[in-house]
Amino acid sequence: MKLICAAFRPTQVVVVLLLGIFSLPLQAGVAYDREGFQPEYLRVQRKEISRDQAAAIVKRRYGGKILAISEVQKNGRSMYRVKGLSDKSQVYVVYVDKQSGRISR
């Protein structure tokens with residue numbers, strides 16, 4: 001009996017149990033459809049840039065003052081429409097993609 005008890009020390013048992021728990025497949029990112037219970041992986045939402053970040057991007061590139069910012073849909077994408085006044089007193093309008101931060105006219 002002493003041989004069996006000596007073979008399994010409490011720390012070894014704990015280590016084996018922890019290894020067993022952590023080796024199980026993780027399903028944290030799986031959602032199940034109610035009808036067929038088909039696993040679908042959830043899309044990780046990318047952070048969108050804020051209005052202030054869009055204004056800073058445009059101001060850094062063109063300078064001057066930002067007059068107005070509004071949210072619009074252009075070519076199926078969410079964008080900010082940024083109206084600005086350049087240092088040479090010219091009004092310009094650019095679009096900033098909410099996902100990537102790219103500027104387009």
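On a predicted model such as this, the values are computed, not experimentally measured, just so you know.
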Contacts satisfying side-chain hydrogen bond (donor to acceptor under 3.5 Å, both in side chains) that involve residues 79-97 (not counting sequence neighbours) are R77-D97
Sorted by chain and residue number, the salt bridge (charged side-chain N to carboxylate O under 4.0 Å, His left out) partners of R102 (sequence neighbours excluded) come out as none
The reported gap from CD in E48 to OG in S100 (rounded to nearest 0.5 angstrom) is 11.0 Å
Output side-chain donor-acceptor pairs under 3.5 Å for residues 54-73, partner residues at least two apart or in another chain, one line each.
| from | atom 1 | to | atom 2 | distance (Å) |
| --- | --- | --- | --- | --- |
| K59 | NZ | G64 | O | 3.3 |
| E71 | OE1 | K98 | NZ | 2.9 |
| Q73 | NE2 | S78 | OG | 2.9 |

So CD of Q53 and NZ of K47: to nearest 0.5 Å the spacing works out to 9.5 Å
